[in-house]
2 protein chains.
Amino acid sequence: MRVPAPKISAAKLAQAQDDFLAAWGQMGPSWGISRTMAEVHALLYIGGRPMNADEVMDRLRISRGNASMTLRSLIEWGLVQRVHKRGDRKEYFEAEQDVWTIARTIIRERLRREILPVLATLYEIRDQTGDETAHAAQEGGGIVAPDVVAAHNQRLDRLLELVQMLDKLGERFVGSEGKGLRLAATVLSKVV
Amino acid sequence: MRVPAPKISAAKLAQAQDDFLAAWGQMGPSWGISRTMAEVHALLYIGGRPMNADEVMDRLRISRGNASMTLRSLIEWGLVQRVHKRGDRKEYFEAEQDVWTIARTIIRERLRREILPVLATLYEIRDQTGDETAHAAQEGGGIVAPDVVAAHNQRLDRLLELVQMLDKLGERFVGSEGKGLRLAATVLSKVV
DNA sequence: CTGGAGTTTCAGAACATCTTGAAACTCGAT
DNA sequence: ATCGAGTTTCAAGATGTTCTGAAACTCCAG
C-alpha cells in the first residue's frame with residue numbers, strides 16, 4: 001500500500017506565507033529596518049519570484065506610496081533589485097535568495113550606518129582629554145586630579161577596543177566573498 | 001625644559017562626558033534599548049561610580065518618573081545594579097564596568113527577547129507545509145504543484161539554518177565565561 | 001502611630017515615526 | 001504633441017513610543 005502524497009492546498013500555502021510575513025516583519029525592527037520593509041522583503045523572498053508594485057500593495061494591504069518608498073529603501077539597502085520583464089511596462093522587484101548574502105548585506109549596511117559614525121565620534125571624544133593614562137599620571141597640573149582623567153580615559157579606551165573589535169569582526173564577515181559566516185560558525189564550534 | 005602636564009579642567013571633562021552620553025545615546029536604539037536607557041547607562045559607566053536617582057535626573061535633565069522606570073529596565077537587562085550606601089537612605093545604582101561582560105549581557109538578552117521567539121515561530125510555520133522537499137516531490141496530490149511547496153520549504157529551511165546559526169553563535173559567546181568575544185576575534189583574524 | 005524622605009506608578013502630553021492619497025512627474029506609444 | 005500607464009513625491013493624518021508630573025505607596029525614625 002502507498003503512502004498518500006501530502007496534500008497542500010493553495011490556501012494552506014498562503015497561510016504559511018502570511019505567518020511568515022508576520023514573523024519576519026516583527027523581526028525587522030531588531031535588525032534595523034522597519035516592520036513594513038521587513039514584510040515587503042519577506043514577501044519577495046518567500047514568493048521566490050519578481051513581483052510588481054501592485055502585487056506587493058495588494059498582498060500586504062499597503063498604499064501605493066508606501067510600497068514605492070519601501071521598495072526604494074530596500075533597493076538602497078541592497079536587499080532587493082529591480083527587474084524588467086519584456087513586453088510589460090511595469091517594474092518588477094526581486095529579493096536576493098541567498099540567505100548568507102542577505103546576512104552579509106545587512107551586516108555591511110549596519111556597520112556603515114551605525115557602528116562607523118559612533119566609532120568616529122568616540123575617537124573625537126577620546127582626543128578631548130589628552131593621552132593621560134594611569135601610567136602617565138603625574139604632578140597635578142589640571143584642576144581635576146590626573147587619576148580621575150586617567151580613569152575616564154581608561155573607560156573610553158576599553159569601550160573603543162570593544163567597538164573596534166565589533167567593526168573588524170563585521171568587516172571580516174562582509175569582506176570574505178564566500179561563506180564567511182558559515183566558516184566562522186564552524187571555527188567557533190571547534191574552538192571551545 | 002619640562003613638558004607641561006596636561007591641564008584638564010572639570011568643565012572639559014564634563015564636556016567630554018556629555019559628548020559621550022550623546023554618542024552612546026544615539027547608539028542605543030541600534031542595540032535594542034531606548035535612547036534614554038542608553039544615556040543613563042552611559043552616565044553610570046563613564047562616571048565609574050554609583051549614583052542615585054537625583055544625580056541621574058539632574059545630569060540628564062529627565063523627570064523623576066522617567067529616571068525610575070529607566071533604571072528599573074536597566075536592572076532588568078542586567079546592565080545596572082542597585083547598591084546601598086551605609087548611612088544614606090537613598091538607593092544608588094552602578095553600571096557593570098567590564099565591557100566584555102556588558103557585550104555578553106546585551107547579546108544574551110537580545111537572543112532571549114528577539115531571536116528565540118522568531119526561531120520558535122519559524123519552526124511552527126515550517127511544520128504547516130509538511131516535510132515535502134525537492135527530492136521527495138512526487139505525484140500531484142495537492143492542489144498546488146509539489147515543486148512549488150518544495151521550493152517554499154527550501155526557502156524556509158535555508159532561513160532556519162541561518163537563524164539557528166546566529167543563535168548558536170550567540171550562545172557560544174554568552175556561555176563561555178571568560179573572554180569569549182576576544183577569543184573569537186583572535187580566531188577570526190587568524191583564519192582568513 | 002505619625003511624619004517625611006525616597007520611590008514607584010500611570011494617565012495624559014509631547015514627540016517621533018510611519019502611512020496614506022492625491023498631485024506631479026516620466027516616458028513610451030500613437 | 002498628446003495620451004495614459006506606471007511611478008514618485010510629499011504634506012497631512014494616523015499610529016506608536018517615550019516622557020512628565022503628580023498622586024500613591026513604602027518604610028524607617030522618632
Side-chain angles (χ1 to χ4, degrees), chain A residues 21-22 24-44 50-77 79-94 110 113-114, chain B residues 21-22 24-44 50-77 79-94 110 113-114:
Chain A
L21 298 184
W24 210 243
Q26 278 225 298
M27 186 162 219
S30 322
W31 286 68
I33 67 181
S34 77
R35 188 182 53 78
T36 301
M37 253 179 94
E39 283 186 354
V40 171
H41 179 251
L43 174 60
L44 294 176
M51 298 184 194
N52 60 43
D54 292 85
E55 287 181 273
V56 173
M57 286 172 54
D58 294 346
R59 183 64 185 271
L60 298 181
R61 312 275 201 75
I62 61 178
S63 71
R64 186 169 296 283
N66 196 0
S68 173
M69 288 170 79
T70 301
L71 284 166
R72 167 212 275 282
S73 311
L74 282 169
I75 289 168
E76 270 168 21
W77 268 78
L79 291 170
V80 164
Q81 284 191 313
R82 285 177 199 279
V83 197
H84 290 287
K85 284 199 175 180
R86 306 206 175 291
D88 191 338
R89 285 176 58 179
K90 284 193 178 68
E91 294 226 57
Y92 284 72
F93 303 88
E94 73 178 343
R110 297 203 63 183
R113 298 171 189 227
E114 292 160 10
Chain B
L21 298 184
W24 210 242
Q26 279 225 298
M27 185 162 220
S30 323
W31 286 68
I33 65 180
S34 75
R35 187 182 52 77
T36 301
M37 252 178 94
E39 283 187 355
V40 171
H41 179 251
L43 174 60
L44 294 177
M51 297 184 195
N52 60 42
D54 291 87
E55 286 180 273
V56 173
M57 286 171 53
D58 293 346
R59 183 65 185 273
L60 298 181
R61 311 276 202 74
I62 62 178
S63 71
R64 184 168 296 284
N66 196 2
S68 172
M69 290 174 89
T70 300
L71 284 165
R72 167 212 274 281
S73 310
L74 282 169
I75 289 167
E76 270 167 21
W77 267 78
L79 291 170
V80 164
Q81 284 191 312
R82 284 177 199 279
V83 196
H84 290 285
K85 284 199 175 180
R86 307 207 176 289
D88 191 338
R89 283 176 58 178
K90 284 193 179 66
E91 294 226 56
Y92 284 74
F93 303 88
E94 73 177 345
R110 295 203 64 183
R113 297 170 190 226
E114 293 162 10

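Every chain is numbered from 1, with letters handed out A, B, ... down the list of sequences.
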Would you kindly give the [atom1]-to-[atom2] distance between [X] and [N], to the nearest whole Å?
X     : N      : atom1 : atom2 : result
B/K85 : C/dG6  : NZ    : P     : 14 Å
B/E39 : D/dC19 : CD    : P     : 9 Å
A/I62 : C/dC18 : CD1   : P     : 13 Å
B/M37 : D/dT17 : CE    : P     : 15 Å
A/L60 : C/dT20 : CG    : C1'   : 15 Å
B/Q26 : C/dA16 : CD    : C1'   : 14 Å

Short side-chain N/O contact from B/S34 to OP1 or OP2 of D/dT17, under 4.0 Å: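 The answer is no; no side-chain N or O of B/S34 sits under 4.0 Å from OP1 or OP2.
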At less than 4.0 Å, is any side-chain N or O atom of A/R35 found next to OP1 or OP2 of D/dG16? Yes or no.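 For D/dG16, OP1/OP2 do not have a side-chain N/O of A/R35 under 4.0 Å.
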Which letter, B, S or -, goes with each nucleotide of nucleotides 3-11 of chain D from 5' to 3', with contact meaning a protein heavy atom under 4.0 Å? -BBSBBBB-
Got B/R35 and B/Q26 here, is their nearest side-chain heavy-atom distance under 4.5 Å?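 No. Closest side-chain heavy atoms not under 4.5 Å.
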Residue pair A/E55, A/N52: steps toward the side chain to side chain contact (heavy atoms under 4.5 Å, CB included) verdict: CA-CA 6 Å; A/E55 287 181 273; A/N52 60 43; 3.5 Å; yes
Shortest non-hydrogen contact between A/R110 and A/W31, atoms and distance: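 Minimum heavy-atom separation between A/R110 and A/W31: CD-O, 3.3 Å.
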Restricting to non-hydrogen atoms, name the atom on A/G28 and the atom on A/A38 that form the minimum distance, rounded to 0.1 Å.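 Minimum heavy-atom contact is CA-CB, 3.7 Å.
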Spatial distance of atom CE (B/M57) from atom CG (B/N66) [nearest 0.5 Å]: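 With rounding to 0.5 Å, CE (B/M57) is 10.0 Å from CG (B/N66).
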Taking it one step at a time, do A/I33 and A/W77 satisfy side chain to side chain contact (heavy atoms under 4.5 Å, CB included)? CA-CA 9 Å; A/I33 67 181; A/W77 268 78; 3.7 Å; yes
